[in-house]
Peer 1: 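The structure that follows is given in the form of structure tokens.
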Amino acid sequence: MAATSSWNLMFTPNPPSPSSLSWKLSFPSPFTSAHFQRRQNRTAERFLVFAAMMDAKPTVLVTEKLGDAGLELLKTFSNVDCSYNLSPEELCTKISLCDALIVRSGTKVTREVFERSSGRLKVVGRAGVGIDNVDLSAATEHGCLVVNAPTANTIAAAEHGIALLTSMARSIAQADASVKSGKWQRSKYVGVSLLGKTLAVIGFGKVGSEVARRAKGLGMNVIAHDPYAPADRAHAIGVELVRFEEAISSADFISLHMPLTPATSKMFNDETFSKMKKGVRIVNVARGGVIDEKALVRALDSGIVAQAALDVFTEEPPPTDSKLVQHENVIATPHLGASTTEAQDGVAIEIAEAVVGALKGELAATAVNAPMVPAEVLLELAPFVVLAEKLGRLAVQLVAGGSGVQSVKVSYASARGPGDLDTRLLRAMITKGIIEPISNVFVNLVQIANVESKFASAISESGEIKVQGRVKDRKPHLTMIGSFGVDVSMEGSLILCRQVDQPGMIGKVGSILGEENVNVSFMTVGRIAPRKQAVMTIGVDEEPSKEALKRIGEITAIEEFVFLKL
Ligand SMILES: NC(=O)C1=CN([C@@H]2O[C@H](COP(=O)(O)OP(=O)(O)OC[C@H]3O[C@@H](n4cnc5c(N)ncnc54)[C@H](O)[C@@H]3O)[C@@H](O)[C@H]2O)C=CC1
Ligand SMILES: O=C(O)C(=O)COP(=O)(O)O
């Protein structure tokens, strides 16, 4: 098709302030191809960036309802553009005009958003806790800080969990609908008591522990599972921390309060439902994605799960014909956990303070990814960021369930003097579980003290989980686990096996993985001395099945092993 170079760019100031320009592109129909449209939009974006630069105040785009107190605070420092219900494309277009973006759970902040911001976006504020809707890796790569408001909605979410628990047990929603439809069905809606029943709280963080506290007040026996929560915090409110299997198999009620991460995604599935007590009741105020929703429908149909009370869904809003939502034993609310007047006022102020602070260049206490660093420093640090994140992730996965993390120690070996190392950055990163070393670091060391490990060989002579790595050819490498020296690229996933060093081990493990069609990227062996103990490190592209891991564990010379996702 012939191309003409004429196209029109129209700007409609409304009201006439650069931060609230609404604009429209129009061009002849032959040029509506996606590629050409992107080019036109980019040119438009550049123009708009220039227009906005004329205004010295930073611009904050707010894409979902935020409390007035927070908006007022933002307005003292910035131009605030409240544009709700933007399409993904509209968000990408607007973002090049913005220094900060504030969202709740309904806005997906994708890699494309960061790319299209052309480097202007400095901070994303999540007015709430869960940051699973923000692409944190992309944010970090683009030098954009992500902050959240982690405390202000805790009580609201816990109270909603308890509201769902009690109303589920007495079928309040179903009974209400029945009465409103003119029926009077007293025998249909006989409920179950909570007194003396066992509630398993999965995820014993801020919300989980408040739910536990309230459930104790209702006379429930509360147990909890959380691999990273310290047992003494649980004991302080009379809750026992137990292993996952024990929690789900002994519970009459299960309440979910963990974040959505790769490790918790579909944690509740056909297999886990099959281990539960028949007639268990489930509350989910965490994230829809922690449950395999199709498996939950099957468990409800078979009666394994008697009832479910759900505030969150994999897709929000869920499809109108969702079998889960329509199930007669399910009650559903539209992600209302944080929606109280008090929580929304608190969250709005908490996030406004964090965003304004970040725009002023202050170190944010609630940063969930890398702190803001100049682009040139970020470039230098990039491989160390990846290494640090992977070491942190690896170390945390080695912690045995229930033992909790009391302290984390990070050591650097650097060509630079100690004055060149900014430990404020370090503190922020540790808090968020992503540990980023700074400067010309050669070796990084992460130690978790006073802890039991799933893989005893990861414990060093001084009693900590210890993992050590370095950047080689700008790629992260693991160089030590516990007292065992290794040298493996930290990509994909790893199987670590401690074994008695002897010929043929690589072949035995390799053939089990081969039969399972699991691609092995490398295998190395680090040993203390020939024919003594060794740690074999196997890089795999796919996650082996439980059966394959069991067979590896059954090889006689293998004394312990663990599978880790990097
Ligand atoms: N429905 C709603 O409106 C709301 C939902 N939420 C959701 O609740 C989640 C929890 O919020 P907070 O308690 O404030 O966060 P938090 O960070 O204080 O607690 C989360 C807990 O989950 C634990 N955890 C991590 N992985 C786990 C695993 N594999 N198994 C068991 N536990 C695991 C962590 O160790 C931590 O103790 C948020 O991530 C968010 O997704 C939070 C507020 C409102
Ligand atoms: O804080 C959270 O994690 C929530 O899920 C609350 O979400 P919302 O801000 O109400 O969209």
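One-based numbering, in listed order, for ligands and for the atoms of each. Everything numeric in this text was worked out from a predicted model, so none of it was measured.
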Peer 1: Taking side chain as C-beta onward, heavy atoms only, is Leu91 less than 4.5 Å from Leu61?
Peer 2: yes

Peer 1: Please could you name the atoms of ligand 1 that Ala157 approaches to less than 4.0 Å, counting only its heavy atoms?
Peer 2: 43 (C), 44 (C)

Peer 1: With respect to Ser339, determine whether any N or O atom, backbone or side chain, lies less than 3.5 Å from an N or O atom of ligand 2.
Peer 2: no

Peer 1: Can you tell whether the side chains of Arg213 and Glu210 come within less than 4.0 Å, N to carboxylate O?
Peer 2: yes

Peer 1: Looking only at protein heavy atoms, which one is nearest to atom 40 (C) of ligand 1, and how far off is it?
Peer 2: Arg287 NH1, 3.7 Å

Peer 1: Quick one: look at His160 and ligand 1, take heavy-atom pairs under 4.0 Å, and tell me if it's side chain, backbone, both or neither.
Peer 2: neither

Peer 1: Find all atoms of ligand 2 within a distance of less than 4.0 Å from any non-hydrogen atom belonging to Ala338, and give their numbers and elements.
Peer 2: 6 (C), 10 (O)

Peer 1: At under 4.0 Å between heavy atoms, which part of Ala157 makes contact with ligand 2: side chain, backbone, both or neither?
Peer 2: neither

Peer 1: So, are Asp252 and Arg281 salt-bridged, with charged N and O less than 4.0 Å apart?
Peer 2: no

Peer 1: Relative to the heavy atoms of Arg104, which atoms of ligand 2 are at a distance of less than 4.0 Å?
Peer 2: 8 (P), 9 (O), 10 (O), 11 (O)

Peer 1: What protein heavy atom sits nearest atom 22 (O) of ligand 1, and how far away is it?
Peer 2: Pro259 CD, 3.3 Å

Peer 1: In terms of the angle between their ring planes, are Phe268 and Phe244 parallel, tilted or perpendicular, with boundaries placed at 30° and 60°?
Peer 2: perpendicular

Peer 1: Under 4.0 Å, heavy atoms only, figure out whether ligand 2 is touched by the backbone of Ser105, its side chain, both or neither.
Peer 2: both

Peer 1: Quick one: does any side-chain atom of Gln326 pair with a main-chain N or O of Thr320 as donor and acceptor, under 3.5 Å?
Peer 2: yes

Peer 1: State whether the shortest distance between N or O atoms of Glu64 and N or O atoms of ligand 2 falls below 3.5 angstrom.
Peer 2: no

Peer 1: Which ligand 1 atoms does Met267 reach within 4.0 Å, using its non-hydrogen atoms?
Peer 2: 29 (N), 30 (N)

Peer 1: Salt bridge or not between Lys94 and Asp81? Use side-chain N to carboxylate O under 4.0 Å.
Peer 2: yes

Peer 1: Non-hydrogen atoms of Gly337 versus ligand 2: any pair closer than 4.0 Å?
Peer 2: no

Peer 1: If you have a sec, work out which protein heavy atom is nearest atom 5 (O) of ligand 2 and how many Å separate them, to one decimal?
Peer 2: His335 NE2, 2.6 Å

Peer 1: Determine whether the side chain, the backbone, both or neither of Val207 has a heavy atom under 4.0 Å from any heavy atom of ligand 1.
Peer 2: both

Peer 1: If you measure every N/O of Arg126 against every N/O of ligand 2, is any gap under 3.5 Å?
Peer 2: yes

Peer 1: Using only heavy-atom distances, determine whether the side chains of Ser117 and His142 contain a donor-acceptor pair under 3.5 Å.
Peer 2: no

Peer 1: Any ion pair linking Glu293 and Lys323 (charged N to carboxylate O, less than 4.0 Å)?
Peer 2: no

Peer 1: Pick whichever of Pro227, Gly289, Ala338, Gly203 has a heavy atom sitting closest to atom 30 (N) of ligand 1.
Peer 2: Pro227

Peer 1: Using heavy atoms and a 4.0 Å limit, tell me yes or no: is Ala286 in contact with ligand 1?
Peer 2: yes

Peer 1: Has Thr166 got a side-chain atom pairing as donor or acceptor with Ala163's backbone, closer than 3.5 angstrom?
Peer 2: yes

Peer 1: Considering only heavy atoms of Gly130, which atoms of ligand 2 have at least one such atom less than 4.0 Å away?
Peer 2: 1 (O), 2 (C), 3 (O)

Peer 1: Mind running side-chain hydrogen bond (donor to acceptor under 3.5 Å, both in side chains) on His257 and Ser255 for me, showing each step along the way?
Peer 2: CA-CA 7 Å; His257 302 288; Ser255 194; 2.7 Å; yes

Peer 1: Answer whether the closest heavy-atom distance between the side chains of Glu115 and Glu141 falls below 4.5 Å.
Peer 2: no

Peer 1: Quick check: does any side chain N or O of Ser322 sit under 3.5 Å from a backbone N or O of Leu324, one acting as donor and the other as acceptor?
Peer 2: yes

Peer 1: Looking at atom 19 (O) of ligand 1, what's its closest protein heavy atom, distance included?
Peer 2: Gly205 CA, 3.3 Å

Peer 1: Provide, to 0.1 Å, the distance between atom 34 (C) of ligand 1 and the closest protein heavy atom, together with that atom's residue and name.
Peer 2: Asp226 OD2, 3.4 Å

Peer 1: Would you check if the side chain of Gln344 reaches a backbone N or O of Ala338 as a donor-acceptor pair within less than 3.5 Å?
Peer 2: yes

Peer 1: Please verify whether a non-hydrogen atom of Asn153 lies at under 4.0 Å from ligand 1.
Peer 2: yes

Peer 1: Would you verify whether the NZ or CZ of Lys65 falls within 45 degrees of the ring axis of Tyr84 while also being under 6.0 Å from that six-membered ring's centre?
Peer 2: no

Peer 1: Between Glu89 and Arg116, is there a salt bridge with N-O shorter than 4.0 Å?
Peer 2: yes

Peer 1: Would a 4.5 Å heavy-atom cut-off, applied to side chains only, mark Thr333 and His160 as touching?
Peer 2: yes

Peer 1: Taking N or O atoms only and a 3.5 Å limit, does Tyr228 qualify as a polar contact for ligand 1?
Peer 2: no

Peer 1: Could you say whether the N/O atoms of Gly106 and ligand 2 ever approach to under 3.5 Å?
Peer 2: no

Peer 1: Which is it for Leu336 and ligand 2 at heavy atoms under 4.0 Å: side chain, backbone, both or neither?
Peer 2: neither

Peer 1: Would Asp311 count as a polar contact of ligand 1, with the cut-off being nitrogen or oxygen pairs under 3.5 Å?
Peer 2: yes

Peer 1: With a cut-off of 4.0 Å, which atoms of ligand 2 are near a heavy atom of Val129?
Peer 2: 1 (O), 2 (C), 3 (O)

Peer 1: Could you pull out the closest heavy-atom pair between Asp226 and Leu241, with the gap in Å?
Peer 2: N-CD2, 4.3 Å

Peer 1: Without swapping roles, check the side chain of His225 against the backbone of Ala247 for a donor-acceptor pair under 3.5 Å.
Peer 2: no

Peer 1: Which of the atoms of ligand 1 are close to His335, meaning less than 4.0 Å from one of its heavy atoms?
Peer 2: 1 (N), 2 (C), 3 (O)

Peer 1: So, is Gly128 polar-close to ligand 2, with some N/O to N/O distance under 3.5 Å?
Peer 2: no

Peer 1: Taking only heavy atoms of Phe204, which atoms of ligand 1 are found under 4.0 Å from at least one of them?
Peer 2: 37 (O)

Peer 1: So is Ala229 touching ligand 1 or not, going by heavy atoms under 4.0 Å?
Peer 2: no

Peer 1: Under 4.0 Å, heavy-atom basis, I'd like to know which part of Thr264 is in contact with ligand 1: side chain, backbone, both or neither.
Peer 2: side chain

Peer 1: Which ligand 2 atoms are under 4.0 Å away from a heavy-atom of Ala127?
Peer 2: 9 (O)

Peer 1: Using a strict 4.0 Å cut-off to heavy atoms of Asn153, name the atoms of ligand 2 that fall inside it.
Peer 2: 1 (O), 2 (C)

Peer 1: Between Lys294, Lys275, Arg298, which is the residue that forms a salt bridge (charged side-chain N to carboxylate O under 4.0 Å, His left out) with Asp270?
Peer 2: Arg298

Peer 1: Counting both backbone and side chain atoms, is some N or O of Lys206 under 3.5 Å from an N or O of ligand 1?
Peer 2: yes

Peer 1: Heavy-atom distance to atom 4 (C) of ligand 1: which of Val285, Asp132, Ile131 wins?
Peer 2: Val285

